[in-house]
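In the text below, chain A, chain B and the rest are named by the order of the sequence lines, each starting its count at 1. Model, not experiment: these values are computed from the prediction.
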Amino acid sequence: MGDEIKRSDFIREIIAEHNRTGRFGGRVQTRFPPEPNGYLHLGHPRAICINFGIADEYGGICNLRMDDTNPTKEDVEYVEAIAEDIRWLGFHWGDHILYASDYFDALYDYAERLIELGKAYVDDLSPEEVREYRGTLTEPGRNSPYRDRSVEENLDLFRRMRAGEFDEGARTLRAKIDMASPNIVMRDPIIYRIMKVPHHRTGDKWCIYPMYDFAHCLSDSLEGVTHSLCSLEFENNRELYDWFLDQLDVHHPQQIEFAKLEFNYTVLSKRRLRRLVAEGYVTGWDDPRMPTLAGLRRRGYTPESIRNLIEMVGISKANSQVDIAMLEHAVRDDLNQRSPRVMGVLDPLKVVITNYPEGQTEELEAVNNPQDASAGTRRVPFSRELYIEREDFMEEPPKKYYRLSPGAEVRLRYAYLVTCTDVVKDPTTGEILEVHCTYDPATRGGDAPDGRKVRGTLHWVSAPHAIEAEARLYDRLFNVEDPYQGEDFVDNLNPSSLEVRPCYVEPSLAGVGAGYRCQFERLGYFCVDPDSTPERLVFNRTITLRDSWAKIQGR
RNA sequence: UGAGGGAUCGUCCAAUGGUAGGAUACCUGACUCUGAAUCAGAUGAUCGGGGUUCGAAUCCCUGUCCCUCAGCCA
């Protein structure tokens, strides 16, 4: 699927150049390093596709490595969820998930080595003092008074840090670089801090934990990663990434940064996503309105559609805000190819075919997928009483309305041409209760033998045969392009992002299970929710079909 | 105003000194047993100012705007 299309971008060009010059002996190995502190969301597939995709293209491997160096923020709960999302997207890693914490022993040894090299020292400054000494963006920092301790003293102190002799925050191990560096990252960055907190994997073995900058580059190095592909905010950290590896004289991967993806009408920050869940604006991390991969999956998005989107959007170093319409196009495009068609009515209006024999039923043949002949056909029951969509009838139709109206003839898809003869209304409210039509028996299947043209084709279900189900109609979670605008982003929540309503679907749907995807003709793509029971199906609307009539109406 | 990055159709991405192209969105039309899909067409951009060059989105100078960094987060 699209594999023959030659992808190229600045990262692949750099790697191709490395391979030309033999920088890594032609080997390409990457890694995807999520911190297990939240669910994967729409911002992640780009990094996933780049790292796993590139490794794959070059016949290399991509490790899934949990970046778990801060036990106060991370939890095993997220590990399996992250792994499942990546698997769902269709990517594979080696035998098992890797963890930065797997390297805590090696990392500790590297830290001692740095001390021995005179490139690291134990600092007694308090967190506040560290901040003061660091200087500012425009002023250089000052050296810590503890900066020039002897190697022996540093080693002793560091070992005692490890042994738990000091309180949290009392001391840190810092790299000895340059407190006047114009790059603040290089002003003697902290590499180990004391945290008397058990770790979800190493238990209480450690009370000191390495910082990201130290752990990350060395984890990459230890694994033999060749290309460490990460997002733009780590550009400033690359100098430090390189510094550690140079000092320690170990295998040195190349870090390359690319821009993260953002989407309009969408919020992706973990903090805000967490708030939506915590404050009950959505039902959970996998609420089908959430931009999490779990939410999109439940909503009915396919992994292929997400991967196609990533390919469509490309890669660059410019911050970008992708139009969510691109995502919507990607799902429609994929679902159009693969979804079986089915008829369902969301807002029923009863139709009585007055000249159709009472009690008669017949089965009509319907095409399962016009995009895919191999999907075959099915039989759909037809009878005297049907339901059609309420908006498919208008007593006083506007111009260009070619659905049902008094005197008008339309086609009931795969069934008959019918003409509206009567409208039955509630005498007090004026509400339309039912519509009476006559059918033309000569048009069975939907074709007129005399060749007369009928513009409108409606979907329908046979009232006595229909299955009653629940439809969950989703719309964008936010109704403004930039949900961050204004005082509080929750003010921009779309109050009608979910509408739950009963619906009628054709009987062929009986027995389909959670995750089943289909198109309700003329309405959109739907996916069976895990909340479904054999007694009551629940359909999530993944996305509507494009609707140019609605567009005309809107003007 | 220190350092590191970035600026091309509304949006996203190409063009690597030689016709600014594709995707998406929007608009027209054709086709249609889904007002879907498909097909055809239109609209629409090089951040500003200088310079080099036969020729500049690309190279040089200059200005502007945007992003990231002052966690013992990642």
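In this structure, the ring of A/Phe234 has its center less than 6.0 angstrom from the ring center of A/Tyr212. Between A/Tyr110 and A/Tyr103, the distance separating the two ring centers is not shorter than 6.0 angstrom.
A/Met326 has its CE atom 11 Å from the P atom of B/rA23, to the nearest Å. The distance from atom OH of A/Tyr241 to atom P of B/rU68 is 23 Å, rounded to the nearest whole Å. The distance from atom CD of A/Glu328 to atom P of B/rU24 is 14 Å, rounded to the nearest whole Å. Computed from coordinates, the A/Asn183 CG to B/rA3 C1' distance equals 6 Å when rounded to whole Å. When the C1' atom of B/rC67 is taken as reference, atom CG of A/Asn236 falls 11 Å away, rounded to whole Å. Atom-to-atom, NZ of A/Lys260 to C1' of B/rC12 comes out at 18 Å; the value is rounded to the nearest Å. Going from atom NZ of A/Lys551 over to atom P of B/rC27 covers 5 Å, rounded to whole Å. B/rC73 atom C1' lies 16 Å from atom CD1 of A/Ile184, rounded to whole Å.
Put simply, A/Arg174 has no side-chain N or O that comes within less than 4.0 Å of OP1 or OP2 on B/rC72. At B/rA37, one or more side-chain N or O atoms of A/Arg546 fall inside 4.0 Å of OP1 or OP2 (strictly under the cut-off). Under 4.0 angstrom from either OP1 or OP2 of B/rG35 there lies at least one side-chain N or O belonging to A/Arg522. The side chain of A/Lys73 contributes no N or O atom lying less than 4.0 Å from OP1 or OP2 of B/rA74. OP1 or OP2 of B/rU34 has not a single side-chain nitrogen or oxygen of A/Arg403 nearer than 4.0 Å. In this model, the phosphate group of B/rA36 is not approached by any side-chain N or O of A/Asn336 to a distance below 4.0 Å at OP1 or OP2. The side chain of A/Thr457 places no N or O atom within less than 4.0 Å of a non-bridging phosphate oxygen (OP1 or OP2) of B/rG35. Between A/His329 and the phosphate of B/rU24, there is a side-chain N or O to OP1/OP2 separation shorter than 4.0 Å. Note on A/Thr138: every side-chain N or O is 4.0 Å or more away from OP1 and OP2 of B/rU1.
Ring geometry for A/Tyr108 against A/Phe158 counts as parallel: the plane angle stays under 30°, on a 0 to 90° scale with 60° as the upper cut. Using a 30° and 60° split on the angle between ring planes, A/Tyr439 and A/Phe382 fall in the tilted class, from 30° to 60°.
Listed candidates were B/rA15, B/rG35, B/rA37. Nearest to the side chain of A/Gln371 is B/rA37. In this structure, the nucleotide among B/rG10, B/rU32, B/rG35 sitting nearest to the side chain of A/Asp323 is B/rG10. Considering only the side chain of A/Ser320, B/rC13 comes nearest among B/rA36, B/rG5, B/rC13. Proximity note for A/Pro127 (side chain, C-beta onward) versus B/rC72, B/rG2, B/rU34: the nearest is B/rC72. Residue A/Glu521 places its side chain closer to B/rU34 than to any other of B/rA23, B/rC73, B/rU34. Side chain of A/Ser548, nearest nucleotide from B/rU16, B/rC12, B/rG35: B/rG35.
Using a 90° window around 0 for the glycosidic torsion, B/rG5 falls outside it and is classed as anti.
Between A/Arg378 and A/Glu363, no side-chain nitrogen of the basic residue sits less than 4.0 Å from a carboxylate oxygen of the acidic one, so the salt-bridge criterion is not met.
Residue whose closest nucleotide on RNA chain B sits further toward the 5' end, between A/Ala325 and A/Thr69: A/Ala325.
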**OP:** Start with the C-alpha gap between A/Arg452 and A/Glu409, add the side-chain angles, then the distance that decides, and say whether salt bridge (Lys or Arg N to Asp or Glu O under 4.0 Å) holds.
**Re:** CA-CA 11 Å; A/Arg452 66 181 186 272; A/Glu409 182 175 55; 2.8 Å; yes
